[in-house]
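Reviewing the structure listed below.
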Amino acid sequence: MNLIKYSLTFLFLVFAIGIGQAQAVLLELTVKSARNYLTIDNAASNSKFNAVIIVTQSSGKPQPVGVWYRNNKWEIYHQNKKSFLVGTKFNVLILDPAKVKNAFVHTASSSNITNHITTINNALTNSKGENLAIFVTQRYEKTNPNPVGVWYNQNKWKIYNENRAAMPSGMKFNVLVMPKGKVSGLGSLTGESYFHTVSSANKSSNYTYLKTSNTATKLFVTQNWKGVRSAQLYSTAYNKLKKKWSIQTPVGTKMMDKFSYNVLALNPSLFIIRDPLTITKPTTTTTTKPTTTAAIINSVFSIDNNKKPTIINSKVNPLDRKTIIKDVVAKPTGLTIIPPYIKDLGTSSEPKEPESEETPEEAISLEAEGPNITLGKDLNTVLSTKNAEYFISKLNIYKDLYEDKNEHSGYFYYLPASYSLKWEQTSGKYSFYLQYLSKDGEEDKEDVFVAFELAPNIKKEDVEMAEYFLSKEMGKEVKLRPMILQAKPALTFQTLAAYGVENQSISTPTDFLQPIMVSWNMGSRVDDFTDVMMSGLGVNGEMVFEPYSENPRDISVPVRLKVNTEQTYGKLEYDKATSLLNGFKNPTDYPIVLDRIVMLRKKLGNYKIETIDLADYNVEPGKYFAEFSDAEANGMIEGPQIERLWLEYTIQDCYDCDQDVLQKLRGGVSDNLAKDLAIELITTKEDLGAKAMYIEIRSMQGSPKGDHMAKFPILEIEEDKSDYSTGKFYVPEGADFDYEYQITVVDEETDDIKISEWVKGVQSFLTLTKSSIDALFVVEEEEGD
């Protein structure tokens, strides 16, 4: 019996190891009661607000679904608030974004929404082409009871409402990015992602049949626009006669030819979770203890609600001990492990215990339980590495770190230390815009639109380096995570009323590490406002955070809208010493005095921070500097490998520089009135024989100063006989519109692409009829000899 006891203990250790290694967990959930939500009760997602969950309905009448976080658990819910039908099934993929690098959350905002479309701006998808399969699930921040799809256009992927309903600002989407072909990056899960197009050969009524035939395969599906749009909801279903999986639309509808889907087919692993577990820990009874090996071997392992290993007696056929151990060791899923031969996991009314009086030692839980905000750990005290103050300044993390409630998890939560005006070092541009607007049809130049972005200036590589130093000093693995919030952060400025600001609009994403877009209308005091941005303390405000906690409290960090400050420009960072020694350029708009060089060195896998004090060199804006002393140069060259280095500097006062920057900030302001060009389409793509149609417009009036030919975003004609509009035209007072337009048509039958010549327009509206469009493509025959 000792051998059996040790075997059971070993199984517990396997579970403990697996819990810390989980990347992706596959579930199949069944609706058991008629309500409009279904709880996902699993250790992979419980108390994990940052989990990325992808859902596809796998049976039943399709409904618009999403996921939301409530009471420390994720739930699937109906966007239209209708109750689920009992028996409806869902495939659920739970992803840990810290380990699955191809999953993230996208937030629709005013900066990326165009009508019913929101554009994804992420390095995983930008300019990656259509060889990616993108899967999305709506994540509650706003309600969007509309079927959604994805679309690749102009080097970026987009999410759109199939029925062209306006995309709500603040709407969130869980996004999984998979290269087409063999699945990788999802832990032990295997399978294939591919693209499926509906055709007469694979459809029947409201079904289209996929190439996937394995009955145990779990499918995840997202619509992918390829010229044909359908607002039909869908789910998956298995056809026993054809022995294939299919995508189905509601009964009474028809599957459309040439409609397309991204499909992710995941193979069943050795251990697949069929339903969320709501198992309580068995209590000790006075039942006679078993005396046979078979009774012990019939016990299988799971995780109770407290995430601690428990032995649960199940009704399964006797198996020898070696087989159980081999199966668990072969493919640990990392979380709740249920062997596939167990269909219904339950507990008997009188759970039995092993023969021995002893029980296996319970593994220490490493699961995160959420931030403990009652006591913050001062970053300056905790991070006492030599010269750490220079690294902390660059890190820009709030002074207090908040440890997880489970001190064994190693998680600490952080907030930004401050926000400042966004500035791009490569282009030298400030994210600040001014435009004159016409108000209520009047030519009123005193109405000015102001928009700018605020950045938290926290870099991923800095956070990872902070994890290294903190782990070394605290003697345990430390993992830094953004603070979990109960609500969106609130941004306020103290002195806006003094400048005649009205209709203030602040778009603050839940992901506070993303830039924050702020805009408002103001009158004649816009010059005073920009002047204040150049002098004194600038325009100040505060960002107020409400961390997730049973006893929440507000935490405020400063916001500073000021140009001539080191905080706006950030550290001047380089990856090698030669970048400085060969001459570096001052990219700012002000003279800077070099104070010191901070170097991050690596030797034998260990990092340390070194500094070199400089001789107060003054470098003018836009000028190069390479005149370091021999001692300073040798200090950079000699010593262990440099991973990164940056300059500490001080901005110098410069009146002429202030005036140049003001000209940049006010460069978007012109004496021209901002107006819209209206486009009216009074024909249909069907009449034109077109599968797709696009309009491109260019004009010198697209530039506020009229100093270059501006191209407007290409308009895709998705809805027949509709009105469209471009961006703003800056038309001089008393002048006509002046622009050119070009139309592209994709033939419905042949897929041939026809592109018209550029056509001049001078009206404030552009009316397109069938005859006017056809005339653009008439080819004049040359006269014969």
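Applying the side-chain contact (heavy atoms from CB on, under 4.5 Å) rule to Val532 yields the partners Tyr499, Val539; only residues at least two apart in sequence or on another chain are considered. Looking at residues two or more places apart in sequence or on another chain, you find a side-chain contact (heavy atoms from CB on, under 4.5 Å) between Glu696 and Lys711, Ile714, Gln742, Trp758. The side-chain hydrogen bond (donor to acceptor under 3.5 Å, both in side chains) test applied to Tyr414 returns no partner, not counting sequence neighbours. When the salt bridge (charged side-chain N to carboxylate O under 4.0 Å, His left out) test is applied to Glu75, the partners found at least two apart in sequence or on another chain are Arg70. Glu467 pairs by the salt bridge (charged side-chain N to carboxylate O under 4.0 Å, His left out) definition with Arg481, not counting sequence neighbours. Checked against salt bridge (charged side-chain N to carboxylate O under 4.0 Å, His left out), Lys156 has no partners two or more places apart in sequence or in another chain. With sequence neighbours excluded, the residues satisfying side-chain contact (heavy atoms from CB on, under 4.5 Å) with Asn457 are Asn396, Ser420, Ala455. The salt bridge (charged side-chain N to carboxylate O under 4.0 Å, His left out) search around Glu453 returns Lys422, not counting sequence neighbours. Checked against ring-ring contact (aromatic ring centres under 6.0 Å, His included), Tyr569 has the following partners two or more places apart in sequence or in another chain: Trp423. In this view, His106 satisfies the ring-ring contact (aromatic ring centres under 6.0 Å, His included) rule with no residue, not counting sequence neighbours. For Phe259, the ring-ring contact (aromatic ring centres under 6.0 Å, His included) criterion is met by Tyr261, not counting sequence neighbours. Among residues two or more places apart in sequence or in another chain, the ring-ring contact (aromatic ring centres under 6.0 Å, His included) test is passed with Phe545 by Phe512.
The shortest distance between side-chain heavy atoms of Leu93 and Leu264 falls below 4.5 Å.
Taking the ring centre of Phe104 as origin, the terminal cationic atom of Arg139 falls outside the region bounded by 6.0 Å and 45° from the ring axis.
Of all heavy-atom pairs between Phe493 and Val518, the closest is CE1-CG1, 4.5 Å.
The backbone N or O of Ile743 lies less than 3.5 Å from a partner atom in the side chain of Ser756, making a donor-acceptor pair.
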TODO: Could you walk me through whether Thr114 and Thr119 pass the side-chain contact (heavy atoms from CB on, under 4.5 Å) test, one step at a time?
DONE: CA-CA 8 Å; Thr114 304; Thr119 299; 5.7 Å; no
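A donor-acceptor contact closer than 3.5 angstrom links the side chains of Ser111 and Ser109. A donor and an acceptor atom, one from each side chain of Asp589 and Tyr430, are located under 3.5 Å apart. In this structure, a donor-acceptor pair under 3.5 Å is absent between the side chains of Tyr140 and Gln138.
Within 6.0 Å of NZ on Lys429 lie no more than 12 heavy atoms contributed by other residues, nucleotides or ligands.
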